[in-house]
**Student:** 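First the structure, which I've put down as structure tokens, then a few questions once you've had a look.
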Amino acid sequence: MFKKTYDWIDERLGVTPIWRDIADHDVPPHVNPANKMSAFVYCFGGLTFLIIVTQILSGMFLAMYYVPDIVNAYRSVQYITDEVLLGQIVRGMHFWGASLVIIMMFLHMLRVFFTGSYKAPRELNWVVGVLIFFVVMGFGFTGYLLPWDQKAYWATAVGAQIAESVPFVGKYIKTLLIGGDVLGALTLTRFFAIHVFFLPAGLLGLLGLHFIMIRKQGIAGPL
């Protein structure tokens, strides 16, 4: 039954050549598992992507129970942690993954920098990677407020003050973020919308460009 279903889809969409092209793609010698240290540092990008996928999946499940308003946000987080089946594990994965993805991305960028992989013809891919890093930082900043506890509230207040200190446009950035003069219901709603709609859209678009350029240009050689 599965083979007939696959053949039916393959006949209409030509799936086999696509996944065979991916599966049969040669790995450069310096990324060969035989060279354990070299292969390890070249896995930082893949590990970062794996954590991003984990963050997306865990975030989707958390969004089923989270309520983005100042009355029920903290209660909904408590409900997820204490009463939802495996809720504490899923929230823990999302919480710790938020820090781990930044660490892994930083290590990946260090590897790219020290091996000179940002040089021609891969300059544009480096720029896209830096933009991805900023988007991931945005995930961390906007997600930090969502539990709506004291720590999250005052940390976001400090972040808003830092944004306000930007020359010329700081005032407008702060107003855009918090939706007024003080943190409140509109701030939480905006952060939630940015966290689950705007940033994911930007991230997926940038990741698509990143992977297309990697496939077109290939993996850079060793140092």
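Positions are given from 1 along the sequence. The figures that follow rest on heavy atoms only: side chains count, while hydrogens, waters and symmetry mates do not.
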**Student:** In this structure, would I132 and L124 fall into the same cluster of hydrophobic residues linked by side-chain contacts under 4.5 Å?
**Tutor:**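 Yes; L124 is reachable from I132 via cluster members.
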**Student:** Are there more than 12 heavy atoms of other residues, nucleotides or ligands under 6.0 Å from atom OH of Y6?
**Tutor:**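 Atom OH in Y6 is crowded, with more than 12 foreign heavy atoms closer than 6.0 Å.
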**Student:** Counting only N and O atoms by type, is there a donor-acceptor contact under 3.5 Å from the side chain of N125 to the main-chain atoms of M213?
**Tutor:**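 Judged by distance alone, no pair lies under 3.5 Å.
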**Student:** Are any side-chain N or O atoms of N72 and backbone N or O atoms of V67, one a donor and one an acceptor, separated by less than 3.5 Å?
**Tutor:**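 Checking the backbone N and O of V67 against the side chain of N72, no donor-acceptor pair under 3.5 Å is found.
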**Student:** Is the backbone of G116 close enough, under 3.5 Å, to the side chain of R122 for a donor and an acceptor to pair up by distance?
**Tutor:**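 Checking the backbone N and O of G116 against the side chain of R122, no donor-acceptor pair under 3.5 Å is found.
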**Student:** Do V182 and W148 sit in one hydrophobic cluster, given that two such residues count as connected whenever their side-chain heavy atoms are within less than 4.5 Å of each other, even indirectly?
**Tutor:**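 No; W148 is not reachable from V182 via cluster members.
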**Student:** Check for me, please, whether L199 and I56 land in the same ILVMFWY cluster - side-chain distances under 4.5 Å, paths through other members count.
**Tutor:**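 Cluster IDs for L199 and I56 match.
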**Student:** Roughly how far, to the nearest 0.5 Å, is CG of L100 from CG of L47?
**Tutor:**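 With rounding to 0.5 Å, CG (L47) is 9.0 Å from CG (L100).
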**Student:** Should we say atom CZ of F141 is surrounded by more than 12 heavy atoms from elsewhere, each under 6.0 Å from it?
**Tutor:**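 It does: F141 CZ has more than 12 such atoms within range.
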**Student:** Quick check for you: to the nearest 0.5 Å, what is the distance between L57 atom CG and I52 atom CD1?
**Tutor:**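 With rounding to 0.5 Å, CG (L57) is 12.0 Å from CD1 (I52).
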**Student:** Of the non-hydrogen atoms in T187 and L177, which two are nearest, and what is the gap between them?
**Tutor:**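 Distance-wise, the nearest heavy atoms are CG2-O, 4.1 Å.
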**Student:** Which of parallel (below 30°), tilted (30 to 60°) and perpendicular (above 60°) describes F192 and F197?
**Tutor:**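 Perpendicular, since the angle between the ring planes exceeds 60°.
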**Student:** Using a 4.5 Å cut-off on heavy atoms from C-beta on, say whether the side chain of L131 contacts that of V135.
**Tutor:**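 Answer no - side chains too far apart.
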**Student:** Nearest heavy-atom pair of W126 and M109: which atoms, and what distance?
**Tutor:**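 The pair with the smallest heavy-atom distance is CZ3-O, 3.8 Å.
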**Student:** Step through the shown structure and confirm whether more than 12 heavy atoms of other residues, nucleotides or ligands are within 6.0 Å of CZ on F198.
**Tutor:**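 Counting other residues, nucleotides and ligands, CZ of F198 stays at 12 neighbours or fewer.
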**Student:** Quick check for you: to the nearest 0.5 Å, what is the distance between Q161 atom CD and K174 atom NZ?
**Tutor:**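 If we round to the nearest 0.5 Å, Q161:CD and K174:NZ are 4.0 Å apart.
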**Student:** Please report the shortest heavy-atom distance between I173 and A163, naming the atom on each side.
**Tutor:**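 The pair with the smallest heavy-atom distance is CG2-CB, 3.9 Å.
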**Student:** Does some side-chain heavy atom of Y66 sit less than 4.5 Å from a side-chain heavy atom of S76?
**Tutor:**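 Result yes, sub-4.5 Å side-chain heavy-atom pair found.
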**Student:** Evaluate side chain to side chain donor-acceptor pair (under 3.5 Å) for R111 paired with S117, printing each intermediate quantity in order.
**Tutor:** CA-CA 8 Å; R111 196 278 304 167; S117 301; 3.2 Å; yes
**Student:** Evaluate whether atom OH of Y153 has more than 12 neighbouring non-hydrogen atoms of other residues, nucleotides or ligands under 6.0 angstrom away.
**Tutor:**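 More than 12 heavy atoms, drawn from other residues, nucleotides or ligands, come within 6.0 Å of this atom.
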**Student:** Taking a hydrophobic cluster as the set of Ile, Leu, Val, Met, Phe, Trp and Tyr residues connected by side-chain heavy atoms closer than 4.5 Å, whether directly or through intermediates, do F114 and M104 fall within one such cluster?
**Tutor:**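 Result: yes, single cluster for both.
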**Student:** Any chance you could lay out the side-chain contact (heavy atoms from CB on, under 4.5 Å) test for M93 and Q55, step after step, and finish with the verdict?
**Tutor:** CA-CA 8 Å; M93 291 171 59; Q55 289 297 95; 5.6 Å; no
**Student:** Looking at residues at least two apart in the chain, or sitting in another chain, which of them share a salt bridge (charged side-chain N to carboxylate O under 4.0 Å, His left out) with R20?
**Tutor:**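 R20 satisfies salt bridge (charged side-chain N to carboxylate O under 4.0 Å, His left out) with D24 once adjacent residues are dropped.
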**Student:** Can you tell me how far CG of L62 sits from CZ of R91, rounded to the nearest 0.5 angstrom?
**Tutor:**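 So the CZ of R91 and the CG of L62 are separated by 8.5 Å.
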**Student:** Quick one: does Y118's side chain get under 4.5 Å of E123's, heavy atoms only?
**Tutor:**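 They are not in contact (no side-chain heavy atoms under 4.5 Å apart), so the answer is no.
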**Student:** Using the rule that Ile, Leu, Val, Met, Phe, Trp and Tyr join whenever any side-chain heavy atoms are under 4.5 Å apart, tell me whether F211 and V112 fall into a single cluster.
**Tutor:**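 Cluster IDs for F211 and V112 match.
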**Student:** Does atom CD of Q88 have more than 12 heavy-atom neighbours, drawn from other residues, nucleotides or ligands, at distances under 6.0 Å?
**Tutor:**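 For Q88, atom CD is not crowded (no more than 12 foreign heavy atoms under 6.0 Å).
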**Student:** Can you name the closest pair of heavy atoms from V15 and I9 and give their distance?
**Tutor:**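 Closest pair (atom of V15, atom of I9, distance): CG2-CG2, 4.0 Å.
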**Student:** Is there a side-chain contact between F139 and L203 in this structure, where contact means two heavy atoms from C-beta onward sitting under 4.5 Å apart?
**Tutor:**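 They are in side-chain contact.
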**Student:** In terms of side-chain geometry, is the basic nitrogen of D82 or R75 positioned less than 4.0 Å from the acidic oxygen of its partner?
**Tutor:**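 Here D82 does not pair with R75 in a salt bridge, since their nearest N and O are not under 4.0 Å apart.
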**Student:** Under 3.5 Å, is there a donor-acceptor pair between the R190 and T142 side chains?
**Tutor:**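 Judged by distance alone, the side chains do not pair up.
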**Student:** Would a 4.5 Å heavy-atom cut-off, applied to side chains only, mark K151 and Y144 as touching?
**Tutor:**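 Yes - at least one pair of side-chain heavy atoms lies under 4.5 Å apart.
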**Student:** Near F61 CZ, under 6.0 Å, is it more than 12 heavy atoms from other residues, nucleotides or ligands?
**Tutor:**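 No - once you tally the heavy atoms of other residues, nucleotides and ligands closer than 6.0 Å, there are 12 at most.
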**Student:** Could you check whether T115 and Y42, counting side-chain N and O atoms only, form a donor-acceptor pair closer than 3.5 Å?
**Tutor:**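 Checked: Y42/T115 side chains show no N/O donor-acceptor pair below 3.5 Å.
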**Student:** H94 and V90: side-chain contact (heavy atoms from CB on, under 4.5 Å), yes or no, with the steps?
**Tutor:** CA-CA 6 Å; H94 201 74; V90 175; 5.7 Å; no
**Student:** A quick test of your reading: do over 12 heavy atoms of other residues, nucleotides or ligands sit less than 6.0 Å from CZ of F133?
**Tutor:**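 Result for CZ/F133: enclosed.
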**Student:** Over all heavy atoms of both residues, which pair between L188 and A73 is shortest? Give the atoms and the distance, please.
**Tutor:**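 Reported closest heavy-atom pair: CD2-CB, 3.8 Å.
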**Student:** What about the rings of F40 and F44, do their centers lie closer together than 6.0 Å?
**Tutor:**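 They qualify: ring centres under 6.0 Å apart.
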**Student:** Rounded at 0.5 Å granularity, tell me how far CZ in F191 sits from CD1 in I178.
**Tutor:**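 It is 8.5 Å, given to the nearest 0.5 Å.
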**Student:** Within the 4.5 Å heavy-atom criterion, are M137 and I102 side-chain neighbours or not?
**Tutor:**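 In short, these two side chains touch, coming nearer than 4.5 Å.
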**Student:** Can you tell me how far the CG atom of L209 sits from the CD1 atom of I214, to the nearest 0.5 Å?
**Tutor:**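 Answer rounded to 0.5 Å: 11.0 Å.
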**Student:** Given T189 and D69, is the side-chain contact (heavy atoms from CB on, under 4.5 Å) satisfied, shown in steps?
**Tutor:** CA-CA 7 Å; T189 303; D69 69 68; over 6 Å; no
